[in-house]
Q: 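Dropping the structure in here first, questions after.
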Amino acid sequence: MPLIAGFFIAKKFKLGFKDFRKLFTAGALTFIASQVLHIPVVYGLTALFSNGILPSPDKSITLIFNAVVLGLLAGIFEETARYILFKTIRKSTDTWQNGIVIGLGHGGIEAILLGIISISTMAQMIAMRDPSNLSALNLPADQVGLVQEQINAYWTQPDVMPLFGFMERISAMSLHIGLSILVLYSIVANQKKWFWIALLWHAFVDAVAVYVFPKITAGENVAVGVFGFELMILLLGVGVLAYAIRLRTSFPVKNEALTK
């Protein structure tokens, strides 16, 4: 999906393959760099709470606490990474078009990585449907039952679930592109408030996802719940993208790609 979107965006903006590749790669590497720092911090905080080094919140507020903390961490690391990228190479990326492509690279590489994980998971589930393959793992008896439950849950999920995954990717890519424009605009217009708006909006969307998803999947009609959840996240992502589109006239008219 990101590659198809990239093809149409490059054609729309009249970007050559070399220029598009540089911008897309810059966005992709920025996302990866943010996760290199983000993921260890999440695991580190989890360990600190689990080991009692940091006081754990009351069970009644654990979910909302996790949602707020994880949302803020995502916003801080990813939007700061975007800001550093745009600030570092501003002279060659201060146009709206280039911001769009970099945002596509940021969200596109996430979609590609998740796609690889999904394909890997499917391959494992196909292999594990054969009882002989499961037996070959030599798992303890108590774990065999748990793994079998996971395999059964995977193959009995509603047929529409892949559609929800497609909706989620559209939401995420829309969000990444929109937030990239807001962060870039904070630099172009010299108005730091747009960076903080992007950071807090990112934190809000992730916090909502962390808080709501466990609740809707615990219900009886999971498919309907997931659809409502994905629709809500889609509106949040498309909403910020729509506003980013409105900002187009506030950017420089020139259309330069990254310099060599």
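Computed from heavy atoms alone, side chains included, the values below leave out hydrogens, waters and symmetry copies. Numbers here are sequence positions counted from 1. Please read these numbers as outputs of a predicted model, since none were measured by experiment.
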Q: What about Val42 and Leu72, same hydrophobic cluster or not, with Ile/Leu/Val/Met/Phe/Trp/Tyr joined at side-chain heavy-atom distances under 4.5 Å?
A: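 No; tracing contacts between hydrophobic side chains, which count when under 4.5 Å, never links both residues.
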
Q: Checking Trp194 now: which residues fulfil side chain to side chain donor-acceptor pair (under 3.5 Å) with it, not counting sequence neighbours?
A: Gln191

Q: Among residues at least two apart in sequence or on other chains, which ones pass ring-ring contact (aromatic ring centres under 6.0 Å, His included) with Tyr211?
A: none

Q: Just to verify, what does Glu79 make a salt bridge (Lys or Arg N to Asp or Glu O under 4.0 Å) with, not counting sequence neighbours?
A: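 Here the qualifying residues are Arg82.
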
Q: Got a sec, which residues hit side chain to side chain contact (heavy atoms under 4.5 Å, CB included) with Ala209, two or more places apart in sequence or on another chain?
A: Phe229, Ile233

Q: Suppose we screen for ring-ring contact (aromatic ring centres under 6.0 Å, His included). Which residues come up paired with His106, at least two apart in sequence or across chains?
A: Phe31, His176

Q: So, applying ring pair (Phe, Tyr, Trp, His ring centres under 6.0 Å) with Tyr185, which one of Trp96, Phe251, Tyr243 is it?
A: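 One option only clears the test, and that one is Phe251.
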
Q: Say whether Leu54 and Ile76 are linked into one hydrophobic cluster, either directly or through other cluster members, by side-chain heavy-atom distances under 4.5 angstrom.
A: no

Q: Applying side chain to side chain contact (heavy atoms under 4.5 Å, CB included), can you list everything that pairs with Ile116, at least two apart in sequence or on another chain?
A: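 Only Ile112 meet the side chain to side chain contact (heavy atoms under 4.5 Å, CB included) criterion with Ile116.
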
Q: Would you kindly confirm whether Leu247 and Leu200 end up in one hydrophobic cluster when ILVMFWY residues are joined by side chain heavy atoms under 4.5 Å apart?
A: yes

Q: Are the side chains of Leu63 and Pro214 in contact, using a 4.5 Å heavy-atom criterion?
A: yes

Q: Leu241 and Ile181: side-chain contact (heavy atoms from CB on, under 4.5 Å), yes or no, with the steps?
A: CA-CA 8 Å; Leu241 176 61; Ile181 292 298; over 6 Å; no

Q: Run the side-chain contact (heavy atoms from CB on, under 4.5 Å) test on Val240 and His202 for me, step by step, so that the C-alpha distance in whole Å, both residues' side-chain angles and the decisive distance to 0.1 Å come before the verdict.
A: CA-CA 10 Å; Val240 71; His202 192 151; over 6 Å; no

Q: Any side-chain heavy atom of Phe24 within less than 4.5 Å of one from Leu104?
A: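 Phe24 vs Leu104: side chains touch.
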
Q: Can you sort out the partners of Phe77 under side chain to side chain contact (heavy atoms under 4.5 Å, CB included), two or more places apart, ordered by chain and number?
A: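 Phe77 satisfies side chain to side chain contact (heavy atoms under 4.5 Å, CB included) with Leu37, His38, Val41, Leu73 only.
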
Q: Mind checking what makes side chain to side chain donor-acceptor pair (under 3.5 Å) contact with Glu230, not counting sequence neighbours?
A: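 So Glu230 forms no side chain to side chain donor-acceptor pair (under 3.5 Å) with any residue.
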
Q: Can Val210 be reached from Leu236 by stepping across I, L, V, M, F, W or Y side chains whose heavy atoms are under 4.5 Å apart?
A: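 Unlinked, Leu236 and Val210 end up in two clusters.
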
Q: Under the rule for salt bridge (Lys or Arg N to Asp or Glu O under 4.0 Å), what residues qualify as partners of Glu168, not counting sequence neighbours?
A: none

Q: I need the full list of salt bridge (charged side-chain N to carboxylate O under 4.0 Å, His left out) pairs touching residues 105-114, with sequence neighbours left out, sorted by first then second residue.
A: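 Only Glu110-Arg169 qualify under salt bridge (charged side-chain N to carboxylate O under 4.0 Å, His left out).
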
Q: Hey, mind stepping through Val226 and Ile216 against side-chain contact (heavy atoms from CB on, under 4.5 Å) and telling me if it holds?
A: CA-CA 7 Å; Val226 173; Ile216 58 100; 3.7 Å; yes

Q: Hey, does Leu70 have a side-chain heavy atom less than 4.5 Å from the side chain of Asp206?
A: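 The answer is no, as the side chains (C-beta and beyond) never meet within the 4.5 Å cut-off.
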
Q: What are the two closest heavy atoms between Ser34 and Ala81, and how far apart are they?
A: CB-CB, 3.8 Å

Q: Carefully, step by step, assess Phe65 and Phe49 under the rule ring pair (Phe, Tyr, Trp, His ring centres under 6.0 Å).
A: CA-CA 12 Å; Phe65 176 82; Phe49 283 113; 5.6 Å; yes

Q: For Leu231, does the CG atom sit with more than 12 other heavy atoms under 6.0 Å from it, leaving out its own atoms?
A: yes

Q: Nearest 0.5 angstrom please: Ile170 CD1 to Leu234 CG, how far?
A: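 It is 6.5 Å, given to the nearest 0.5 Å.
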
Q: Can you name the residues that form a side chain to side chain contact (heavy atoms under 4.5 Å, CB included) with Ile39, not counting sequence neighbours?
A: Gln35, Tyr43

Q: In the single-linkage hydrophobic clustering (I, L, V, M, F, W, Y; side-chain heavy atoms under 4.5 Å), do Ile102 and Ile245 co-cluster?
A: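 Yes; tracing contacts between hydrophobic side chains, which count when under 4.5 Å, links both residues.
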
Q: Indicate yes or no: at least one non-hydrogen side-chain atom of Tyr83 is less than 4.5 angstrom from one of Leu199.
A: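 Side chain of Tyr83 against side chain of Leu199, heavy atoms only: no contact under 4.5 Å found.
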
Q: Considering only heavy atoms from C-beta outward, does the side chain of Leu182 approach that of Trp201 to under 4.5 Å?
A: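 No - every pair of side-chain heavy atoms lies 4.5 Å or more apart.
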
Q: Distance-only, no hydrogens or angles: does the Ser186 side chain make a donor-acceptor pair with backbone N or O of Val183 under 3.5 Å?
A: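 Checked: pair present.
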
Q: Using the side chain to side chain donor-acceptor pair (under 3.5 Å) criterion, which residues pair with Ser60? Sequence neighbours excluded.
A: Asp58

Q: Mind running side-chain contact (heavy atoms from CB on, under 4.5 Å) on Phe86 and Val188 for me, showing each step along the way?
A: CA-CA 9 Å; Phe86 287 131; Val188 172; over 6 Å; no

Q: Is atom CG of Asn51 surrounded by more than 12 heavy atoms (other residues, nucleotides or ligands) closer than 6.0 Å?
A: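 Count over threshold, so yes.
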
Q: Hey, what do you get for CG (Leu29) to CG (Leu85), rounding to the nearest 0.5 Å?
A: 9.0 Å

Q: Rounded to the nearest 0.5 Å, what separation is found between the CG atom of Leu45 and the CG atom of Asn66?
A: 10.5 Å

